[in-house]
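These notes are about the structure you will find just below.
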Amino acid sequence: MPGTRLSQQDRVAIATGLAEGLDYAAIARLIARPTSTVTREIARNGGPGRYRAHAAQRATARRARRRPGAVRPAGGTATLPDGRDQAAVAEFADRFAALLVQLGLPRMVARVLSCLYVTDSGTLSAAELVQRLGVSPASVSKAVGYLEDQELIRRERDGQGRREQYSIDSDVWYRSMLASAQRNALLAEFARDGADLLGAATPAGQRLDTAASFLAEIGTDLVRAVERRRSGNGLL
């Protein structure tokens with residue numbers, strides 16, 4: 001039934017549906033679940049090409065045993081001070097992290113990013129991230145390092161300058177998109193060098209020249225789009 005946990009039988013049906021080439025919506029109808037439940041289940045357990053029912057069942061059991069690893073909203077009550085359901089907030093953070101993993105982010109990186117997103121202040125210390133995610137300081141350190149490299153978070157000191165904090169703000173996607181545009185520009189320049197080296201008349205040279213033009217154009221369009229959005233509506 002919707003709202004209850006997936007059973008071993010449900011997972012076998014999901015695996016069978018994938019093997020038969022069914023889409024997620026069709027599989028969801030087979031087991032009478034929302035499509036989002038099926039999408040999340042498959043994303044958490046290897047994706048459509050690697051999903052295995054028994055492995056997914058074991059992974060779910062392990063996650064349940066170490067449930068402290070889920071995002072834990074601050075406070076010990078069922079609702080947050082403004083009336084929001086903290087269990088629903090935690091569940092959303094888990095789903096957000098699962099989506100980010102599906103889109104290509106490493107799992108711990110996705111969990112740290114989603115944890116920061118659902119925190120009103122948008123700022124947490126390393127110790128707070130460790131506590132909320134139930135992971136080691138080393139895991140948090142590696143994840144925040146990745147996020148800093150992608151310019152998705154900022155490292156700063158608290159008001160007393162005693163401890164480091166990691167922040168996400170409304171400007172994050174602006175900075176991230178500009179960083180992406182810069183990477184495109186570097187790739188375009190590299191491809192252009194390759195085209196010059198191999199010769200524009202050769203198939204390999206033409207391939208690289210096409211790639212260089214495409215990457216340069218995409219980078220330029222991206223910068224124009226984010227700058228237009230930022231100037232028209234304030235920070236992203």
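Remember, it's a predicted structure, so these values are computed and weren't measured experimentally.
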Are the side chains of Asp94 and Arg44 in touch, meaning some heavy atoms are under 4.5 Å apart?
-> yes
Ala216 to Ala188 - nearest heavy-atom pair and separation = N-CB, 3.7 Å
So Glu156 and Tyr166, side-chain hydrogen bond (donor to acceptor under 3.5 Å, both in side chains) or not? Walk me through it.
-> CA-CA 6 Å; Glu156 55 192 23; Tyr166 306 102; over 6 Å; no
Single-linkage hydrophobic cluster, 4.5 Å side-chain cutoff, Leu129 and Leu105 together = yes
Heavy-atom nearest pair, Gly219 first then Ala181, reads O-CB, 3.8 Å
OG (Ser167) and CD1 (Ile153) are apart, to the nearest 0.5 Å, by 8.5 Å
Going through the distances and angles, do Leu198 and Arg207 end up as a side-chain contact (heavy atoms from CB on, under 4.5 Å)?
-> CA-CA 10 Å; Leu198 293 166; Arg207 189 179 308 118; over 6 Å; no
Can you find a heavy atom in the side chain of Leu30 that is under 4.5 Å from one in the side chain of Leu22?
-> yes
How about Thr39 and Gln102: do any of their side-chain heavy atoms sit closer than 4.5 Å?
-> yes
Find the distance between CG (Leu147) and CE (Met108) and round it off to the nearest 0.5 Å.
-> 11.5 Å
Measure the spacing between CG of Asp10 and OG1 of Thr37 and express it to the nearest 0.5 Å.
-> 10.0 Å
Is there a side-chain contact between Leu6 and Ile14, using heavy atoms and a 4.5 Å cut-off?
-> yes
Cluster link Leu124 to Leu100, ILVMFWY, side chain under 4.5 Å = yes
Does some side-chain heavy atom of Ser213 sit less than 4.5 Å from a side-chain heavy atom of Arg192?
-> yes
Might you point out which heavy atoms bring Ala93 and Ser114 nearest each other, and give the distance in Å?
-> O-OG, 3.3 Å
Judged by atom type as modelled, is there a donor-acceptor pair below 3.5 Å linking the side chain of Ser121 to the main-chain atoms of Thr123?
-> yes
Determine whether Val135 and Leu116 fall in the same hydrophobic cluster, where Ile, Leu, Val, Met, Phe, Trp and Tyr are linked whenever their side-chain heavy atoms lie under 4.5 Å apart.
-> yes
Examine Val109 and Tyr117 and state if one hydrophobic cluster contains both, with Ile, Leu, Val, Met, Phe, Trp and Tyr joined whenever side-chain heavy atoms are less than 4.5 Å apart.
-> yes
Side-chain donor/acceptor of Glu20 to backbone N/O of Gly17, under 3.5 Å | no
Can you find a heavy atom in the side chain of Pro48 that is under 4.5 Å from one in the side chain of Tyr24?
-> yes
What one should report as the nearest heavy-atom pair of Arg40 and Ala98 is CG-CB, 4.2 Å
Atom pair CD1 (Ile31) and OG1 (Thr16), whose distance is rounded to the nearest 0.5 Å = 11.0 Å
Please determine if Glu91 and Arg95 form a salt bridge, counting it only when a charged side-chain N lies under 4.0 Å from a carboxylate O.
-> yes
Of all the heavy-atom pairs spanning Ala143 and Val112, show the shortest one and how long it is.
-> CB-CG2, 3.8 Å
Taking only residues at least two apart or on different chains, which pairs with a member in residues 138-148 satisfy side chain to side chain donor-acceptor pair (under 3.5 Å)?
-> Ser136-Ser139, Glu148-Arg155
Asn45 CG to Gln57 CD distance, which is reported to the nearest 0.5 Å | 9.5 Å
Please tell me if the side chains of Gln206 and Thr202 come closer than 4.5 Å, counting only heavy atoms from C-beta onward.
-> no
Same cluster or not: are Leu215 and Met177 linked, directly or through other Ile, Leu, Val, Met, Phe, Trp or Tyr residues, by side-chain heavy atoms under 4.5 angstrom apart?
-> no
Between CZ on residue Arg154 and CD on residue Gln165, distance to nearest 0.5 Å | 10.5 Å
